[in-house]
Amino acid sequence: MSLFAIDGFVKNFGALRATDNVSLTVDAGEIHALIGPNGAGKSTLVNLISGLFPPDAGRIVLDGRDLTPLSMNQRVHAGLSRCFQITSIFKNATVMDNLLLAVQAHAGSSLRFLKVRDSEEALRAAALALGQRVGLAGLEQRIAGTLPHGVQRKLDVALALASRPKVLLLDEPMAGMGPEDSAQMVALIHTLKKDMAILLIEHDMKAVFELADRISVLVYGRVLTSGTADGIRGNPQVQAVYLGSEEVPA
Ligand code: ADP
Ligand code: MG
């Protein structure tokens with residue numbers, strides 16, 4: 001059984017079926033990428049998975065637990081974390097304060113038996129380690145909002161990691177990035193996959209083909225096909241979908 005599964009998701013907006021019986025799985029240690037042209041229903045699917053709104057039909061299961069009735073916050077606590085396309089960082093706060101807030105929010109009862117001073121030490125150590133993990137070492141005292149876009153996106157990933165997710169939902173992590181930042185983000189995501197299952201929604205085909213163990217192609221709300229990078233690249237149906245667009249898988 002897969003670590004993470006969505007099963008038969010349906011979402012209608014009035015007469016429009018934006019999500020049409022979508023099922024997919026992600027295993028531990030796997031990156032499953034979801035691609036598709038504009039309007040295919042990628043954002044709707046992300047919103048269904050994170051729990052922003054409920055599906056009209058279907059279930060979402062993590063580690064054998066049915067998350068369908070859970071709120072967004074409850075899903076995060078259950079091990080499903082989302083990295084937002086619109087960044088969730090506090091722009092006027094330092095990198096360190098952003099990290100501290102995130103770590104503290106998920107520390108739960110683990111610090112309960114420590115003295116105040118020791119628990120503050122433990123939080124700082126955890127925040128520093130989290131920053132280091134995503135490549136923010138040395139930038140802790142900078143005001144987050146003044147940092148380059150690519151660096152802010154790394155912080156965004158760090159905030160999503162603070163909850164120690166079993167499944168990480170990455171919604172266009174390379175959006176608005178140049179090639180250098182994009183390459184760094186690819187490297188960062190690659191280091192994460194040993195610790196979690198990753199569902200990657202991304203426009204940047206180069207990144208997708210570098211990272212994904214499996215790729216599913218969404219078209220008109222349906223999964224057109226799923227396969228390895230090589231299988232998807234050579235699939236005539238997929239090429240037809242992307243024909244005439246700049247996103248043609250290379
Ligand atoms: P993608 O992210 O792949 O570009 P979306 O999930 O944003 O696709 O949209 C899928 C379809 O659902 C589109 O036709 C879009 O116009 C429609 N849609 C998305 N959100 C809403 C909404 N809140 N109300 C009505 N229609 C919507
Ligand atoms: Mg979208």
Side-chain angles (χ1 to χ4, degrees), residues 1-28 30-86 88 160 163 165-173 175 196-203 205 208 212-229 231-232 235-243 245 247 249:
M1 202 181 66
S2 291
L3 177 69
F4 179 69
I6 62 175
D7 183 24
F9 262 177
V10 173
K11 182 69 187 177
N12 301 308
F13 293 117
L16 176 82
R17 180 155 287 193
T19 307
D20 190 1
N21 196 24
V22 171
S23 299
L24 53 85
T25 61
V26 195
D27 294 318
E30 182 187 36
I31 299 180
H32 190 159
L34 189 69
I35 63 172
N38 273 334
K42 301 180 297 296
S43 295
T44 302
L45 197 59
V46 167
N47 291 332
L48 290 171
I49 293 171
S50 60
L52 185 67
F53 44 65
D56 294 317
R59 295 192 323 145
I60 172 168
V61 178
L62 170 56
D63 226 352
R65 180 175 176 200
D66 187 349
L67 305 186
T68 322
L70 302 189
S71 69
M72 291 183 81
N73 268 327
Q74 288 170 326
R75 288 176 195 211
V76 174
H77 283 285
L80 172 65
S81 192
R82 168 182 176 178
C83 196
F84 285 87
Q85 189 173 352
I86 299 160
S88 56
S163 63
K166 295 176 191 163
V167 179
L168 182 64
L169 182 56
L170 291 170
D171 188 7
E172 301 193 12
M196 62 199 75
I198 296 176
L199 182 59
L200 170 69
I201 289 91
E202 182 51 57
H203 274 294
M205 290 300 159
V208 165
D213 299 298
R214 218 160 18 129
I215 299 173
S216 290
V217 184
L218 199 67
V219 183
Y220 295 123
R222 282 187 219 148
V223 177
L224 176 73
T225 182
S226 278
T228 62
I232 293 298
N235 184 318
Q237 266 184 306
V238 176
Q239 285 171 351
V241 166
Y242 280 94
L243 210 64
S245 95
E247 303 172 47

- prompt: Can you tell me if H32 uses its side chain to pair, donor with acceptor, with the backbone of T25 under 3.5 Å?
  reply: yes
query: Hey, what do you get for OG (S43) to CD1 (I201), rounding to the nearest 0.5 Å?
result: 8.5 Å
field: Minimum-distance pair of heavy atoms, taken over all atoms of L62 and G79
entry: CD2-C, 3.7 Å
- prompt: Taking the side chain as C-beta and beyond, is there a heavy-atom pair between E202 and P173 under 4.5 Å?
  reply: yes
query: Considering all heavy atoms of both residues, which atom of S163 and which atom of A160 are nearest to each other, and what is their separation?
result: OG-O, 3.3 Å
message: Using only atom types and a distance under 3.5 Å, with no angle test, would you say the side chain of S23 pairs donor to acceptor with the backbone of G8?
response: yes
message: Distance alone, cut at 3.5 Å: any donor-acceptor contact between the side chains of T68 and D66?
response: yes
task: Would you confirm whether D213, through its side chain, and I31, through its main-chain N or O, come within 3.5 Å as a donor-acceptor pair?
output: yes
query: Is any side-chain heavy atom of I232 less than 4.5 Å from a side-chain heavy atom of T225?
result: yes
message: Please enumerate all residues that pass side-chain hydrogen bond (donor to acceptor under 3.5 Å, both in side chains) together with N47, with sequence neighbours excluded.
response: R82
field: Minimum heavy-atom distance P165-S81, with the two atoms named
entry: CB-CB, 3.4 Å
- request: Please confirm whether the backbone N or O of A5 pairs with a side-chain atom of R59, one donor and one acceptor, at under 3.5 Å?
  value: no
task: Rounded to the nearest 0.5 Å, what's the gap from CD1 on I198 to CG on L169? Could you check?
output: 10.5 Å
query: For E30, does its backbone N or O pair with a side-chain atom of D27 as donor and acceptor, under 3.5 Å?
result: no
- request: Please name the pair of heavy atoms, one in N38 and one in H203, separated by the smallest distance, quoted to 0.1 Å.
  value: OD1-CE1, 3.8 Å
query: Just wondering, do V22 and L45 contact through their side chains at under 4.5 Å, heavy atoms?
result: yes
- request: Decide side-chain contact (heavy atoms from CB on, under 4.5 Å) for V46 and L199; before the verdict, give the C-alpha distance in whole Å, the side-chain angles of both, and the deciding distance to 0.1 Å.
  value: CA-CA 10 Å; V46 167; L199 182 59; over 6 Å; no
query: Between K42 (side chain) and G36 (backbone), is there a donor-acceptor pair under 3.5 Å?
result: yes
task: Using the test side chain to side chain contact (heavy atoms under 4.5 Å, CB included), find all partners of A33 that sit at least two apart in sequence or belong to another chain.
output: L200, V208, A212, I215
message: For Q237, is there any backbone N or O sitting under 3.5 Å from a side-chain donor or acceptor partner on N235?
response: yes
field: Sole candidate of L48, V10, L218 that passes side chain to side chain contact (heavy atoms under 4.5 Å, CB included) when paired with T19
entry: L48
query: Which heavy atom of F4 sits nearest a heavy atom of I49, and at what distance?
result: CZ-CG2, 3.8 Å
- prompt: Would a 4.5 Å heavy-atom cut-off, applied to side chains only, mark I60 and L80 as touching?
  reply: yes
- line: Heavy-atom nearest pair, L3 first then K166, reads CD2-O, 3.5 Å
query: Atom CZ in R222, atom CG in D20: separation rounded to 0.5 Å?
result: 4.5 Å
